[in-house]
Amino acid sequence: MKIEEVEISNPEKLIFPGKKITKLDMVKYYDKVADKMLPFLKDRPLTLQRFPDGIDQDGFYQKNASDYFPDYIETIAIKTEEGTNTQVICNNRKTLIYLANLGTVSFHIWLAKKEDLFKPDKVVFDLDPPKDSFKKVKDAAGKIGEFLRKEGIEPKLMTSGKSGFHIWYSVKPDKNFDDRRKEAKALANKMEEEYPDLLTTAIRKNKRENKVFIDYLRNAYGQTSVCPYSLRPIQSCGVATPLEWEELATIEKADQYTLTNLFRRLGQKK
DNA sequence: GCTGGAC
DNA sequence: GTCCAGCAACGCAGA
DNA sequence: TCTGCG
Ligand SMILES: [Mn+2]
Ligand SMILES: [Mn+2]
């Protein structure tokens with residue numbers, strides 16, 4: 001069995017056993033969503049989150065491209081504190097299929113592109129709910145969207161596919177991570193000030209007091225956030241789904257859209 | 001999922 | 001021939 | 001400087 005000239009091994013192996021979703025199902029999902037997803041992957045170093053034996057078994061993160069990856073897999077050298085990593089960049093459908101066949105469930109992307117790895121082209125706020133209070137994080141997303149627009153920013157919204165939301169905005173890649181993080185922190189502090197009962201920037205869990213955590217620390221060199229349209233390794237096979245702001249009211253959980261129902265939504269959406 | 005080293 | 005370990009660091013902020 | 005965090 002081949003898709004995009006990539007041999008699919010063990011197509012019947014269950015990756016989401018609870019939902020009886022096979023590796024072939026997953027590969028087909030990524031093939032189908034590729035046109036939407038590839039623009040978000042473009043030119044960004046990738047961390048793969050792989051579950052070759054399904055999400056009920058231990059998985060692993062993979063940063064470095066394996067020696068056996070075929071030549072058509074694009075890679076980039078990444079400076080780290082001690083040495084160099086060689087990370088994958090996924091700029092085409094064939095690569096996406098190849099990585100999915102490896103059991104990659106989730107794709108985690110850098111906030112900077114290969115042209116300048118030290119200068120991010122977006123700022124991300126990762127909203128994490130307390131325990132599992134989706135109500136609060138949904139409320140927070142709406143408030144933060146409104147807040148950012150008042151600041152003259154045009155924020156984008158997506159479900160994380162797992163428990164919360166991501167809100168981000170595009171910037172020119174003309175400042176380094178330290179500067180962008182300071183900017184993000186200042187905004188997060190203002191949000192917290194405006195909604196002190198709902199939002200917190202406290203890193204320690206035991207100081208969050210059941211509030212929604214605004215994680216602005218993703219805005220740092222070498223950090224990643226989940227790519228739009230990536231699956232998440234949870235029973236529900238939730239998808240990180242970009243939303244129109246008007247859609248927020250209709251969302252009842254962070255994994256509302258899944259491998260199974262995402263295309264129903266995309267079909268309706270013009 | 002796939003490889004390479006240990007046995 | 002079979003078995004099995006490895007497959008990710010990093011940077012920040014607060015204590 | 002060490003630890004929790006994601
Ligand atoms: Mn295995
Ligand atoms: Mn999150």
Side-chain angles (χ1 to χ4, degrees), chain A residues 1 3 6-15 22-24 26-27 30 45-55 57-70 73 75-88 95 97-112 117-118 120 123-130 137 160-166 176-186 188-189 192 200-209 211-227 230 232-233 240 254:
Chain A
M1 151 80 58
I3 294 184
V6 177
E7 179 66 34
I8 305 305
S9 51
N10 298 314
E12 298 306 320
K13 187 179 234 182
L14 290 172
I15 300 297
T22 65
K23 188 142 70 74
L24 182 59
M26 185 169 81
V27 169
Y30 278 117
L46 217 42
T47 296
L48 312 174
Q49 193 181 7
R50 296 178 52 193
F51 295 82
D53 295 322
I55 62 162
Q57 305 302 126
D58 284 341
F60 57 92
Y61 289 89
Q62 182 167 10
K63 244 175 208 198
N64 282 285
S66 300
D67 291 337
Y68 59 82
F69 284 8
I73 304 293
T75 59
I76 184 169
I78 304 282
K79 288 274 170 242
T80 68
E81 196 141 317
E82 42 187 278
T84 306
N85 284 343
T86 305
Q87 293 192 226
V88 172
T95 299
I97 300 303
Y98 178 83
L99 297 173
N101 180 59
L102 253 26
T104 305
V105 170
S106 296
F107 295 78
H108 302 269
I109 51 174
W110 273 46
L111 278 63
L117 295 171
F118 295 94
V123 171
V124 176
F125 297 99
D126 170 22
L127 308 185
D128 293 328
V137 75
S160 79
K162 198 168 165 188
S163 62
F165 292 93
H166 287 196
N176 64 26
F177 277 103
D178 285 358
D179 290 341
R180 287 299 177 195
R181 189 176 53 258
K182 262 179 217 155
E183 168 184 324
K185 179 178 186 173
N189 285 339
E192 185 180 25
T200 177
T201 57
I203 294 169
R204 302 277 165 143
K205 282 188 165 177
N206 61 12
K207 301 205 79 177
R208 292 187 193 162
E209 299 176 307
K211 298 173 193 171
V212 174
F213 176 49
I214 311 170
D215 180 5
Y216 62 89
L217 289 164
R218 318 233 127 241
N219 301 284
Y221 180 80
Q223 302 299 103
T224 61
S225 70
V226 70
C227 184
S230 175
R232 307 306 300 272

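Computed from a predicted model, the values in this text were never measured in an experiment. Protein chains get the first letters and strands the later ones, always in sequence-line order, with residue 1 at the start of each.
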What residues, two or more places apart in sequence or in another chain, satisfy side-chain hydrogen bond (donor to acceptor under 3.5 Å, both in side chains) together with A:Asp179?
none

Starting the side chain at C-beta, find the nucleotide from C:dG11, C:dG14, B:dG1 nearest to A:Asn10.
B:dG1

Quick one: which of B:dT3, C:dA8, C:dA13 gets closest to the side chain of A:Tyr61?
C:dA8

Looking at [X], I'd like to know whether one of its side-chain N or O atoms comes within less than 4.0 Å of OP1 or OP2 on [N].
{"X": "A:Asn85", "N": "C:dA9", "result": "yes"}
{"X": "A:Arg50", "N": "B:dG1", "result": "no"}
{"X": "A:Arg181", "N": "C:dG11", "result": "no"}
{"X": "A:Lys207", "N": "C:dA15", "result": "yes"}
{"X": "A:Lys13", "N": "B:dG1", "result": "yes"}
{"X": "A:Ser66", "N": "B:dG1", "result": "no"}

Grab the CG-P distance between A:Asp53 and C:dC4 for me, whole Å please.
14 Å

In this structure, how many angstroms lie between the P atom of C:dG11 and the CG atom of A:Asn176, rounded?
13 Å

With sequence neighbours excluded, what pairs up with A:Ala186 under the side-chain contact (heavy atoms from CB on, under 4.5 Å) test?
none

Quick one: side-chain contact (heavy atoms from CB on, under 4.5 Å) partners of A:Ala220, sequence neighbours excluded?
A:Arg181, A:Gln223

Test of understanding: with ring pair (Phe, Tyr, Trp, His ring centres under 6.0 Å), list the residues that count as partners of [X], not counting sequence neighbours.
{"X": "A:Phe165", "answer": "A:Phe134"}
{"X": "A:Tyr30", "answer": "A:Phe107"}
{"X": "A:His108", "answer": "A:Tyr61"}

Between CG on residue A:Asn10 and CD1 on residue A:Ile15, distance to nearest 0.5 Å
9.0 Å

Between the CG atom in A:Asp126 and the CG atom in A:Asn219, the distance rounded to the nearest 0.5 Å is 10.0 Å

Would you mind classifying the nucleic acid contact of [X] as base, sugar-phosphate or nothing, using non-hydrogen atoms under 4.0 angstrom?
{"X": "A:Asp58", "answer": "nothing"}
{"X": "A:Lys182", "answer": "nothing"}
{"X": "A:Thr47", "answer": "nothing"}
{"X": "A:Phe177", "answer": "nothing"}

What's the verdict on side-chain contact (heavy atoms from CB on, under 4.5 Å) for A:Tyr221 and A:Ile78, showing C-alpha distance, side-chain angles and the deciding distance?
CA-CA 11 Å; A:Tyr221 180 80; A:Ile78 304 282; 3.7 Å; yes

Close approaches to DNA chain B from residues 97-107 of chain A, in residue order (heavy atom, under 4.0 Å)
A:Asn101, A:Leu102

With sequence neighbours left out, the residues meeting salt bridge (Lys or Arg N to Asp or Glu O under 4.0 Å) with A:Glu12 are none

Sequence-aligned protein contact record of nucleotides 1-6 of chain D, with B where the base is within under 4.0 Å of a protein heavy atom and S where only the sugar-phosphate is
--BSSB

For the C1' atoms, the ones on C:dA9 and on D:dG4, what distance do you get once it is rounded to whole angstrom?
15 Å

Pairwise P distance for B:dG4 and C:dA8, with rounding to whole Å
16 Å

